[in-house]
There are 2 protein chains.
Amino acid sequence: MATIHDVIEPTPARDPYVQGCPSRDVLDQIGSKWAVLVIGELGRHGACRFTQLRDQLSGVSEKMLTQTLRMLERDGMVLRTVYPDAPIRVEYQLTPLGQTLRSPLKALTDWSVQHIEDVLTARKQYQERATRPR
Amino acid sequence: MATIHDVIEPTPARDPYVQGCPSRDVLDQIGSKWAVLVIGELGRHGACRFTQLRDQLSGVSEKMLTQTLRMLERDGMVLRTVYPDAPIRVEYQLTPLGQTLRSPLKALTDWSVQHIEDVLTARKQYQERATRPR
DNA sequence: CAGAATCCAATAAGATACTG
DNA sequence: CAGTATCTTATTGGATTCTG
């Protein structure tokens, strides 16, 4: 319930262009390499186990995968469920908050696939401009 | 023109989930902290000078700004124009390719602003779960 | 299986001073 | 103004070993 005391600490303006604003950190983390891929994978498959994710995100180390999952769990985007079987089973899935990230992040991965040839071409031309004129 | 020789080197499948695929690198770079903010800023203002960008992206070092701009130029997303005045003047603007990134990246920054309170709340709860139960 | 812990190498990031 | 060069610090990433 809102009381008069709340006026003392109003919600600060949130702007990732301002140093120290937490929205900048969050922006950085949701755009990070493994977070983008983890969220994409959980978005497609609904719920995944640790090993599944590790195998799908080729090249990820267990350390980085653990770190990424913990961060996403802490930030409320991923739910971690432990089933105390033997051997233990753990499932990860997107929370409602995490679901809202699927669309913008998919747009980003789609962009990288759709425009990769343009980028590679641009790199070649940049290289030529740097070497050929002298 | 396409010839039979093109068959020898077909365009490989592009998938950021596969290690070594260049689309993963590109995905990583367009999602990087300073690139997101630079593209957003150039998207809003059309053309910016180095100092303008440095002042708008509070907290960026000149080194990181230079690196980011060079990378974006190399990858064909940003055009760098030098006006040989005295003192020299340099303007940066988005290329058509860079323009196509505005919308998906704005979606990401908007997300970080719109959901930052949810994330901060989730962090507090995570903290409590970690400390309170023991 | 699903990690945790530790160590180490490589790289990124940042602060600072300097230059055409 | 628009960087470059240099140095130091912080973070990343990988390999390895261990555990319930």
Side-chain angles (χ1 to χ4, degrees), chain A residues 16 18-20 24-38 41-42 45 47-74 78-93 126 130, chain B residues 16-21 24-38 41-42 45 47-75 78-93 126 130 134:
Chain A
V18 174
Q19 188 175 19
R24 182 183 278 187
D25 300 348
V26 171
L27 176 58
D28 204 23
Q29 300 203 308
I30 62 179
S32 71
K33 179 157 81 173
W34 301 120
V36 171
L37 298 180
V38 164
E41 191 65 18
L42 292 179
H45 289 85
C48 292
R49 304 178 61 176
F50 186 84
T51 310
Q52 274 181 282
L53 287 170
R54 190 194 59 196
D55 294 345
Q56 287 304 313
L57 279 55
S58 78
V60 71
S61 69
E62 297 188 340
K63 180 182 160 187
M64 288 313 298
L65 183 56
T66 300
Q67 271 186 26
T68 303
L69 287 169
R70 287 290 171 284
M71 179 268 286
L72 292 174
E73 188 194 0
R74 182 198 58 167
V78 159
L79 178 67
R80 178 175 182 269
T81 311
V82 181
Y83 299 93
D85 307 351
I88 202 173
R89 191 162 57 90
V90 178
E91 275 192 359
Y92 297 93
Q93 57 191 304
Y126 185 86
Chain B
Y17 283 86
V18 174
Q19 188 175 18
C21 179
R24 181 182 280 185
D25 300 348
V26 170
L27 176 57
D28 204 22
Q29 301 202 306
I30 62 179
S32 71
K33 179 158 78 171
W34 302 121
V36 170
L37 298 180
V38 164
E41 192 63 18
L42 293 180
H45 288 83
C48 292
R49 302 178 61 175
F50 187 85
T51 310
Q52 274 181 284
L53 288 171
R54 190 195 56 197
D55 295 344
Q56 287 304 312
L57 279 55
S58 78
V60 72
S61 68
E62 298 189 340
K63 178 184 159 186
M64 287 313 298
L65 183 55
T66 301
Q67 270 186 28
T68 303
L69 286 168
R70 289 289 173 282
M71 180 268 286
L72 292 174
E73 188 195 359
R74 182 199 59 167
D75 285 0
V78 160
L79 179 67
R80 179 177 182 268
T81 311
V82 181
Y83 299 94
D85 306 350
I88 200 170
R89 191 162 57 90
V90 178
E91 276 191 359
Y92 296 92
Q93 57 190 304
Y126 184 87
R134 186 158 324 276

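Every chain is numbered from 1, with letters handed out A, B, ... down the list of sequences. Excluded from the calculations below are hydrogen atoms, water molecules and symmetry mates; all remaining heavy atoms, backbone and side chain alike, are included.
Listed nucleotides: dA2(D), dG3(C), dC1(C). Nearest to the side chain of Thr51(A): dC1(C). For Glu62(B), whose side chain is taken as the heavy atoms from C-beta onward, the closest listed nucleotide among dG3(C), dG13(D), dG3(D) is dG3(D). With dG13(D), dT4(D), dA2(D) as the candidates, the nucleotide lying closest to the side chain of Thr66(B) is dT4(D). With distances taken from any side-chain atom of Ile88(B) to the nucleotides dC1(D), dG14(C), dA4(C), the minimum falls on dC1(D).
Across the protein-nucleic acid pair, Gln52(B) atom CD and dA2(D) atom P stand 8 Å apart, rounded to whole Å. Atom CG of Asp28(A) is separated from atom P of dA12(C) by 14 Å (rounded to the nearest Å). Rounding to whole angstrom units, CG of residue Leu69(A) and P of dG3(C) are separated by 7 Å. Atom CD in Glu91(A) sits about 16 Å away from atom C1' in dG3(C), given to the nearest Å. Taking atom CZ of Phe50(A) as the reference point, atom C1' of dG20(D) lies 16 Å away to the nearest angstrom. Note: CD (Gln67(B)) to P (dA13(C)) measures 7 Å, nearest angstrom. In this structure, Asp55(B) places its CG atom 12 Å from C1' of dC1(D), rounding to the nearest Å. In this structure, Gln19(A) atom CD and dA15(C) atom C1' are separated by 13 Å, rounded to whole Å.
Within the nucleic acid shown, Gly59(A) comes within 4.0 Å of sugar-phosphate atoms alone, with no base atom in reach, counting heavy atoms only.
Residue Arg89(A) places no side-chain N or O under 4.0 Å from the OP1 or OP2 atom of dG20(D). Note on Tyr92(A): a side-chain N or O is less than 4.0 Å away from OP1 or OP2 of dG3(C). The side chain of Arg80(B) contributes no N or O atom lying less than 4.0 Å from OP1 or OP2 of dA2(D). The shortest distance between the side-chain N/O atoms of Arg70(B) and the OP1/OP2 oxygens of dT4(D) is below 4.0 Å. For the pair Arg49(A) and dA2(C), the criterion of a side-chain N or O lying under 4.0 Å from OP1 or OP2 is met. At dG3(D), none of the side-chain N or O atoms of Arg54(B) fall inside 4.0 Å of OP1 or OP2 (strictly under the cut-off).
Residue Lys63(B) places no side-chain atom within donor-acceptor reach of the base of dA15(C), judged by atom type and a 3.5 Å distance cut-off alone.
Contact of the Leu42(A) side chain with the Leu53(A) side chain is registered, since non-hydrogen atoms from C-beta on lie closer than 4.5 Å. Contact of the Phe50(A) side chain with the Thr66(A) side chain is registered, since non-hydrogen atoms from C-beta on lie closer than 4.5 Å.
For the pair Pro87(A) and Ser61(B), both in contact range of DNA chain C, the more 5′-proximal nearest nucleotide belongs to Pro87(A).
In this structure, Thr68(B) contributes its side chain and Ala35(B) its backbone to no donor-acceptor pair below 3.5 Å. With Tyr17(B) contributing its side chain and Leu37(A) its backbone, the two residues share a donor-acceptor pair below 3.5 Å. Tyr92(B) places no side-chain N or O within donor-acceptor distance of the main-chain N or O of Glu73(B), the cut-off being under 3.5 Å.
Because its NZ or CZ atom is both nearer than 6.0 Å to the ring centre of Tyr83(A) and within 45° of the ring axis, Arg89(A) counts as a cation-pi partner of that residue.
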